[in-house]
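None of the values given here were measured: they were computed from a predicted structure. Residues: numbered from 1 along the sequence shown.
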Amino acid sequence: METEAKPKEAEPLVEDAEATSHTDAGDTTTQDSSISNGDDADDDDKEMVDLKIIWNKNKYDLKIPVDSTGAKLKESIHSLTGLPPAMQKVMYKGLLPEDKTLREIKITNGAKIMVVGSTINDVLAVNTPKEVIQQEVKAEENKKEPLCRQKQHRKVLDKGKPDDIMPAIKGTKERLPTVPLSGMFNKSGGKVRLTFKLEQDQLWIGTKERTEKVPMGSIKNVVSEPIEDHEDYHMMAFQLGPTEASQYWVYWVPAQFVDAIKDTVLGKWQYF
């Protein structure tokens, strides 16, 4: 009887060996998992920046590498809002360039990024795009005498440059400054300043008497023309209503900011 019991005592040794084998296999799986997790370490090395995206009265939090380009930012905004990049007007101290990185633009943590734009359905519902209006007005202007020679404008221009006029640079394009544009005249010859409130998507037109807060989306067109013999300055009109009679004229606008003003107010839209 003792001889028959010996094989039975050896059976647990086989079970122990199998258990050890399963344990080893489990250790191998854990090790592989650890190696896989290490692949995400590269993301931790990137310097990130936290942004506040504001669009259509909604706010979104976005964390993105600081070396991302403006184009990449638009793609991220598309993921957040559903607004296609081609339909976005992204602004941070002026219209944000697509080819520069956030680091180059000096965007820092907590920066507020203003996004203006409509969905494709909204755009298709518009009968006359702003670009079409602008082209039609420009074609009509070409048929007329130069604006600065017209009597209504000579009354202001003949007063000469304002004493506190801002410096101007001809043939140069610059982004809007962080301070209001000041030292200009309006049609009545009074001092006027322009403040671009990007977060509210508003243009503030300030005079000594009051400040008009105009939604940029309500401005139908922006026209400008260099002032003869002073081409480093422009005269500019913001069309606030459906006809030219609603134009608000501003004189002695520094030439380097003209394109930035038009881009900020009207945007660079693409229609499908």
Side-chain angles (χ1 to χ4, degrees), residues 40 42-135 173-178 194-204 213-222 238-240 257 259-272:
D40 298 330
D42 290 342
D43 293 337
D44 297 334
D45 294 336
K46 294 181 179 179
E47 183 180 350
M48 309 294 284
V49 62
D50 293 307
L51 306 176
K52 286 284 185 183
I53 307 298
I54 303 172
W55 173 68
N56 200 23
K57 297 183 180 180
N58 295 316
K59 296 183 179 180
Y60 304 85
D61 292 319
L62 175 63
K63 192 169 187 176
I64 187 172
V66 73
D67 290 313
S68 299
T69 62
K72 182 63 178 178
L73 175 59
K74 282 190 170 186
E75 292 177 7
S76 298
I77 292 174
H78 180 204
S79 300
L80 279 176
T81 64
L83 183 65
M87 309 301 293
Q88 297 175 21
K89 182 170 67 172
V90 182
M91 292 177 288
Y92 177 77
K93 297 180 181 179
L95 199 65
L96 188 141
E98 294 189 10
D99 57 342
K100 292 187 178 181
T101 66
L102 306 187
R103 187 190 301 276
E104 292 173 324
I105 305 169
K106 298 182 180 179
I107 292 181
T108 56
N109 275 322
K112 295 181 179 179
I113 307 297
M114 183 70 191
V115 180
V116 180
S118 303
T119 61
I120 295 177
N121 290 335
D122 292 336
V123 173
L124 293 178
V126 178
N127 294 326
T128 308
K130 285 186 177 182
E131 283 187 349
V132 174
I133 296 176
Q134 188 174 10
Q135 291 171 1
K173 298 180 181 180
E174 294 185 7
R175 299 172 62 187
L176 290 176
T178 56
L194 303 177
T195 305
F196 297 87
K197 292 290 185 178
L198 303 183
E199 293 183 13
Q200 290 90 358
D201 195 29
Q202 293 178 345
L203 168 61
W204 290 12
K213 300 180 180 180
V214 183
M216 291 190 194
S218 69
I219 300 175
K220 307 301 181 183
N221 193 36
V222 180
F238 300 92
Q239 186 172 327
L240 307 181
F257 300 128
D259 285 343
I261 292 173
K262 291 181 179 180
D263 289 345
T264 300
V265 175
L266 299 177
K268 293 181 177 179
W269 302 97
Q270 296 183 26
Y271 295 89
F272 298 87

(Q) How long is the straight-line distance from CD1 of Ile113 back to CG of Leu62, given to the nearest 0.5 Å? (A) 9.0 Å
(Q) Nearest 0.5 angstrom please: Tyr60 OH to Thr81 OG1, how far? (A) 6.0 Å
Q | Gap between atom CD of Gln239 and atom NZ of Lys220 - 0.5 Å precision | A | 8.5 Å
Q. Ile261 versus Leu176: any side-chain heavy-atom pair under 4.5 Å?
A. yes
Q. Any side-chain heavy atom of Lys173 within less than 4.5 Å of one from Asp263?
A. no
Q) Does a side-chain heavy-atom distance below 4.5 Å link Asn221 with Leu266? A) yes
**Q.** Pairwise side-chain contact, Val116 with Met216, heavy-atom cut-off 4.5 Å (strictly under)
**A.** no
Q.
Can you confirm whether Leu95 sits close enough to Lys89 that some side-chain heavy atom of one is under 4.5 Å from a side-chain heavy atom of the other?
A. yes
Q. Okay, side chain of Trp204, backbone of Lys197: is any donor-acceptor separation there less than 3.5 Å?
A. no
(Q) If you compare all heavy atoms of Tyr92 against all heavy atoms of Arg175, which two are closest, and at what distance to 0.1 Å? (A) O-NH2, 2.6 Å
**Q.** CG-OG1 distance between Asp201 and Thr264, expressed to the nearest 0.5 angstrom
**A.** 10.0 Å
(Q) Looking at Asn109 and Asp50, would you say the former's side chain and the latter's main chain have a donor-acceptor pair under 3.5 Å? (A) yes
Q. For the side chain of Gln88 and the backbone of Leu83, is there at least one donor-acceptor N/O pair under 3.5 Å apart?
A. yes
**Q.** Separation between OG1 of Thr69 and CD1 of Ile64, rounded to the nearest 0.5 Å
**A.** 8.0 Å
